[in-house]
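Below is one structure, written out as structure tokens; the observations come after it.
Model, not experiment: these values are computed from the prediction.
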Amino acid sequence: MCSDQGAPIKTKAVWVSLLPEAAVGEAFAEASRFRDELYACLTGRRDELFELADAVLCVPGAVHSAVEPTLLPEHRRGHGAMYDGLNQGRIDTDRLRSPLAGLPLPRFPDGRLVLAVDVSPWLRSDAPCSPERLFCHVYGRAKTASQFIPGRPYSFVAVLEMGATSWTQLLDEVRLGPIGDATALTADQLRDVVERLIAAGQWQPGDPDTVIVTDAGYDVTRLAWILKDLPVELVGRIRGDRVMRLPKPPRVYDPKGGRPPKHGPEFRFARPETWPEPVTTTRTATTNYGKAVTQAWDRVHPRLTHRAAWLDHEGALPLIEGTLIRLEVEHLSKDRAASAMWLWSSKIDAGHADVDRAWQAFLRRFDLEHTFRLFKQTLGWTRPRLREPEAADRWTWLIIAAYTQLRLARPLARDLRHLSEKPAAPGRLTPARVRRTLRNLRQRMPCPAQAPKPHRPGPGRPPGTRNRHRAPHYGVGKTVRREKTLIALQRLKG
């Protein structure tokens, strides 16, 4: 598909990037193989769901409604089939997660995988008839304030790339419902993803541990304790007003006796006089932030109590030690002032390379925000007004499958840029630019969906009659109340 000199060749309105012919053929075969596996995972209304995912990628512009993709020639069925597919279709999500884990995944220079977990809400404040809605914490909708808006929060797990990019590889999504603990559900989701990666051969004994980065909304120390039996390293941001404990001092003889201390002195993030001398200090020159200076303290841990998350823990509470990192840069983009950032890593006895890898991996976590923005503003993830949460889950998986096809077609795409856009280097196309080429690439890829069969529409409701079945209204929020203290829990059990 390319000449000997590397120049692109146009055949049947299909353009490919400046890559060797073997690499282009391998990328084309990988994308075609994923389409076949996706079709096999659709166990109900499969033809409609498959064509709907294709049509989302072929819309010339942003998707503003679920009906808009059904008007394209790539969608050979009516918009009624779209509603039927989302409401009555079936997707074998367990089977679909395996092909996603088996795809070629990006890695950091040392060969390790870096995963990111984050929650993005599908806001539905005007849907009182939709069940299983929660209050979603949203920023940016009010000036200098946050809001709680009813919606459906989805937890995504993605693989991050090294360097400045807007690409990620999504591996899993789970909708957070009104039952259960968010941290426990996230731990189960991460465990399932890591085990699938190991089963797919993405990690083998002797390989470096997989890094999982989280934001400040997660209890990173608790996640590290739950996932301690897996070959992973947890790196998460923590608030700047926290108080942790230093390692306990060496035991000395005390003639008064007594139990030796379990924790060391307090480490107050907001009070520098409580900081001891850092174990590790690094200085790194960055392109966008100037000089980055890190200070690291080893075996810093929280002082746990039998409250909230650790209420059901039997026996003595664990001592979860890790490396505390304070990151400070000269400036943000556009010369804005930058405040210090605190990170906690589950790795102990970390050296200079480990500290630098931790904060660099965390900064790559913000690439997932580009994926969320593409989902909502371009692919129309939150545009449909679906009542049932199961239909919303099917639409979410279709968006993930469509985005995965974008990433697989990345080496095959040509830069079809607008006049106001700057040219992009080969291999540096954004997901939105790759999407402009996918309609042409789709003509050369296999389409396992069968042609629609002609039929007559149903009679519907008789003319002149009204729907007398009132839709039920559902409350918003958690439906399971958890006790806050150990005494209350013991009183409840007694």
Side-chain angles (χ1 to χ4, degrees), residues 1-2 8-19 23-39 41-42 47-66 68-77 82 96 99-100 103-104 165-170 370-381 383 395-418 421 423-449:
M1 304 179 78
C2 292
I9 298 178
K10 185 178 181 182
T11 58
K12 295 185 180 180
V14 178
W15 287 79
V16 297
S17 59
L18 302 176
L19 290 176
V24 172
E26 183 178 356
F28 188 87
E30 188 69 37
S32 302
R33 184 162 50 249
F34 177 78
R35 289 171 61 85
D36 293 335
E37 293 174 345
L38 171 62
Y39 185 77
C41 297
L42 306 177
D47 296 329
E48 163 57 29
L49 295 177
F50 187 87
E51 289 190 355
L52 183 60
D54 274 3
V56 168
L57 296 175
C58 297
V59 174
V63 178
H64 298 95
S65 67
E68 187 176 359
T70 64
L71 304 178
L72 300 179
E74 286 79 8
H75 189 275
R76 297 175 291 180
R77 292 161 174 82
M82 179 269 298
L96 182 56
L100 292 175
L103 294 175
T165 178
S166 58
W167 287 94
T168 61
Q169 175 56 55
L170 292 174
H370 297 280
T371 302
F372 293 155
R373 183 164 57 248
L374 179 78
F375 274 26
K376 295 181 179 181
Q377 298 182 1
T378 304
L379 301 183
W381 171 42
R383 291 293 184 175
W395 175 255
T396 303
W397 275 110
L398 290 183
I399 297 298
I400 293 177
Y403 178 78
T404 303
Q405 296 185 57
L406 279 182
R407 183 178 172 274
L408 295 177
R410 182 180 175 185
L412 309 173
R414 182 194 175 222
D415 187 12
L416 301 179
R417 64 185 182 91
H418 296 156
E421 296 176 341
R428 299 292 298 174
L429 294 180
T430 62
R433 293 197 184 187
V434 174
R435 181 169 174 259
R436 299 171 189 169
T437 314
L438 207 58
R439 169 172 269 185
N440 297 333
L441 291 175
R442 181 186 176 276
Q443 301 176 5
R444 304 292 299 272
M445 292 182 179
C447 182

- prompt: Should we say atom CD of Glu26 is surrounded by more than 12 heavy atoms from elsewhere, each under 6.0 Å from it?
  reply: no
Output all residues satisfying side chain to side chain donor-acceptor pair (under 3.5 Å) with [X], sequence neighbours left out; order by chain, then residue number.
X	value
Trp397	Glu173
Arg428	none
Arg33	Glu30

Answer yes or no: is there a side-chain heavy-atom contact under 4.5 Å between [X] and [Y]?
X	Y	value
Gln405	Leu57	yes
Trp395	Val56	yes
Glu74	Glu51	no
Leu406	Leu438	yes
Arg433	Arg417	yes

At their closest point, which heavy atom of [X] faces which heavy atom of [Y], and how far apart are they?
X	Y	answer
Gln169	Leu103	NE2-CD1, 4.1 Å
Leu429	Ala413	CD1-O, 3.8 Å
Met445	Ala31	CE-CB, 3.8 Å
Ser166	Thr371	O-OG1, 4.2 Å
Phe34	Leu100	CE1-CD2, 3.8 Å
Pro446	Pro448	O-CD, 3.7 Å

What's the separation between atom [atom1] in [X] and atom [atom2] in [Y], rounded to the nearest 0.5 Å?
X	Y	atom1	atom2	answer
Thr437	Arg439	OG1	CZ	12.0 Å
Phe375	Thr396	CZ	OG1	9.0 Å
Leu416	Asn440	CG	CG	7.0 Å
Thr70	Arg76	OG1	CZ	14.5 Å
Leu71	Ser65	CG	OG	7.5 Å
Thr430	Trp167	OG1	CH2	7.5 Å

- request: Go through Val59 and Arg435 one step at a time and tell me if the side-chain contact (heavy atoms from CB on, under 4.5 Å) criterion holds.
  value: CA-CA 9 Å; Val59 174; Arg435 181 169 174 259; 3.5 Å; yes
- request: Assess whether side-chain contact (heavy atoms from CB on, under 4.5 Å) is satisfied between Arg436 and Arg414, documenting all intermediate values.
  value: CA-CA 9 Å; Arg436 299 171 189 169; Arg414 182 194 175 222; over 6 Å; no
task: Could you walk me through whether Arg35 and Cys447 pass side-chain contact (heavy atoms from CB on, under 4.5 Å), step by step?
output: CA-CA 8 Å; Arg35 289 171 61 85; Cys447 182; 4.3 Å; yes
message: Between Tyr403 (side chain only) and Thr168 (backbone N and O only), is there a donor and an acceptor less than 3.5 Å apart?
response: yes
message: Salt bridge or not between Arg383 and Glu68? Use side-chain N to carboxylate O under 4.0 Å.
response: no
Derivation of the side-chain contact (heavy atoms from CB on, under 4.5 Å) call for Trp381 and Val63: CA-CA 8 Å; Trp381 171 42; Val63 178; over 6 Å; no
